[in-house]
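Below is one structure; the comments refer to it alone.
A note on names: the letters A, B, ... follow the listed sequences, proteins ahead of strands, and every chain is numbered from 1.
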Amino acid sequence: MNTLKEAQSLLGRRLMRRWRGKLISSVITEVEAYDGPMDKGSHAFRGQTKRNAPMFGPSGFWYVYLCYGVHWMLNYVVGDEGYPAAILIRSTSDVRGPGKLTAHFHISGAQNGTMAAPTSGLWIEDRAVHVTKNKMKTLPRVGIPYAQDWKDRPMRFILDV
DNA sequence: GCAGTGATCATA
DNA sequence: ATGATCACTGCC
């Protein structure tokens, strides 16, 4: 499956968090794809570094990094090992905005590089909401004015709930 | 409209 | 060692 399809397939699924014995969850409603070494909006565009290493790893792991010294961003790694791709989870039905989302789910650098599975305390369940084409919007990505010809590509997906 | 905030990365 | 940059948010 290609990266854009992977991104769309996360919509309507439930993000799950085990934190201090409690279960936090809500339905994923907004995602962005970052696709491969040629994507000028992606951290992987200038090659592998210590920070973006999880993007180059196998799918099914988390890539979490600190943005503007303040907000943690949650990404789900997709694609074959060696091919840098990830899906930024921007919003759920409860929380709008990627920084507020990680705060709500108590996500930080501690989750970086961990597996998306109950064992890590952070995972994604199968579709909880039926996604029809007319409920899904496709838009350009946010916050990458420097990405030139990649800036306005339709790589952001929103689910109306 | 723009300041805050600090890790990360390139340059040296 | 230093400086620029930044997949955001909230307040002006």
Side-chain angles (χ1 to χ4, degrees), chain A residues 1-17 19 24 26-116 120 122-124 136-161:
Chain A
M1 204 186 325
N2 71 38
T3 303
L4 296 184
K5 294 275 190 210
E6 295 268 15
Q8 294 174 37
S9 78
L10 292 187
L11 292 175
R13 295 174 68 186
R14 196 167 271 281
L15 181 64
M16 309 292 296
R17 174 78 167 121
W19 183 75
I24 305 166
S26 57
V27 175
I28 297 170
T29 54
E30 183 181 7
V31 295
E32 278 178 3
Y34 289 86
D35 186 18
M38 307 308 289
D39 181 350
K40 292 180 185 139
S42 171
H43 288 170
F45 179 60
R46 285 177 178 77
Q48 185 169 346
T49 66
K50 188 174 179 183
R51 178 177 69 162
N52 66 22
M55 291 186 76
F56 290 77
S59 63
F61 286 76
W62 297 113
Y63 168 41
V64 186
Y65 69 92
L66 189 63
C67 184
Y68 292 96
V70 182
H71 308 287
W72 295 100
M73 299 289 113
L74 176 66
N75 295 256
Y76 180 77
V77 175
V78 298
D80 293 334
E81 190 162 0
Y83 183 83
I87 314 301
L88 172 66
I89 301 178
R90 293 189 60 89
S91 302
T92 66
S93 48
D94 290 350
V95 199
R96 293 177 137 271
K100 289 191 284 192
L101 185 150
T102 52
H104 179 254
F105 281 85
H106 301 97
I107 292 163
S108 71
Q111 280 72 47
N112 188 39
T114 64
M115 201 184 339
S120 71
L122 184 62
W123 71 102
I124 298 173
M136 199 185 75
K137 284 199 181 74
T138 303
L139 296 162
R141 294 176 292 181
V142 174
I144 50 164
Y146 49 83
Q148 301 168 40
D149 51 315
W150 285 78
K151 179 169 74 77
D152 296 317
R153 293 205 186 192
M155 298 175 76
R156 174 176 162 222
F157 305 98
I158 293 180
L159 174 66
D160 290 328
V161 289

(request) With a 4.0 Å heavy-atom cut-off, tell me which residues in residues 90-107 of chain A come close to DNA chain C, sorted by residue number. (result) Arg90(A), Gly97(A), Pro98(A), Gly99(A), Lys100(A)

(request) May I ask you to say what Gly143(A) touches in the nucleic acid, namely base, sugar-phosphate or nothing, with a heavy-atom cut-off under 4.0 Å? (result) sugar-phosphate

(request) Take atom CG of Asp149(A) as the centre, draw a 6.0 Å sphere, and report whether it contains more than 12 heavy atoms from other residues, nucleotides or ligands. (result) yes

(request) In sequence, state the C-alpha distance, the side-chain angles, and the governing distance for Asn2(A) and Val78(A), and then conclude on side chain to side chain contact (heavy atoms under 4.5 Å, CB included). (result) CA-CA 9 Å; Asn2(A) 71 38; Val78(A) 298; over 6 Å; no

(message) For Tyr76(A) and Trp62(A): C-alpha separation, side-chain torsions, deciding distance, then whether ring pair (Phe, Tyr, Trp, His ring centres under 6.0 Å) applies.
(response) CA-CA 5 Å; Tyr76(A) 180 77; Trp62(A) 297 113; 5.6 Å; yes

(request) List the protein contact pattern of nucleotides 5-12 of chain B with one symbol per nucleotide (5' to 3'): B for base contact, S for sugar-phosphate-only contact, - for none; contact means a heavy-atom distance under 4.0 Å. (result) BB-SS---

(message) Categorize Ile144(A) for me: base, sugar-phosphate, or nothing, with a 4.0 angstrom heavy-atom threshold over every strand shown.
(response) sugar-phosphate

(request) Name the nucleic acid region contacted by Met155(A), choosing base, sugar-phosphate or nothing; use a 4.0 angstrom heavy-atom cut-off, strictly under. (result) nothing

(message) From OH of Tyr146(A) over to C1' of dA7(C), roughly how many Å is that when rounded to an integer?
(response) 6 Å

(message) Among residues at least two apart in sequence or on other chains, which ones pass ring pair (Phe, Tyr, Trp, His ring centres under 6.0 Å) with Trp150(A)?
(response) none

(request) Might you point out which heavy atoms bring Leu88(A) and Met73(A) nearest each other, and give the distance in Å? (result) CD1-CB, 4.0 Å

(request) Let me know the distance between CG of Leu139(A) and P of dA7(C), rounded to the nearest Å. (result) 19 Å

(message) Less than 4.5 Å apart, side chain to side chain, heavy atoms only: is that true for Phe157(A) and Leu4(A)?
(response) yes

(request) Starting from C1' on dA7(C), measure out to CH2 on Trp150(A) and report it in whole angstrom. (result) 15 Å

(request) Return the orientation label for the Tyr63(A) and His43(A) ring planes: parallel under 30°, perpendicular over 60°, tilted otherwise. (result) perpendicular

(message) When both hydrogen-bonding distances must be under 3.5 Å and the geometry is Watson-Crick or G-U wobble, what is dG4(B) paired with, if anything?
(response) dC8(C)

(message) Check for me whether Arg17(A) meets the cation-pi criterion with Phe105(A), that is, NZ or CZ under 6.0 Å from the six-membered ring centre and within 45 degrees of the ring axis.
(response) no

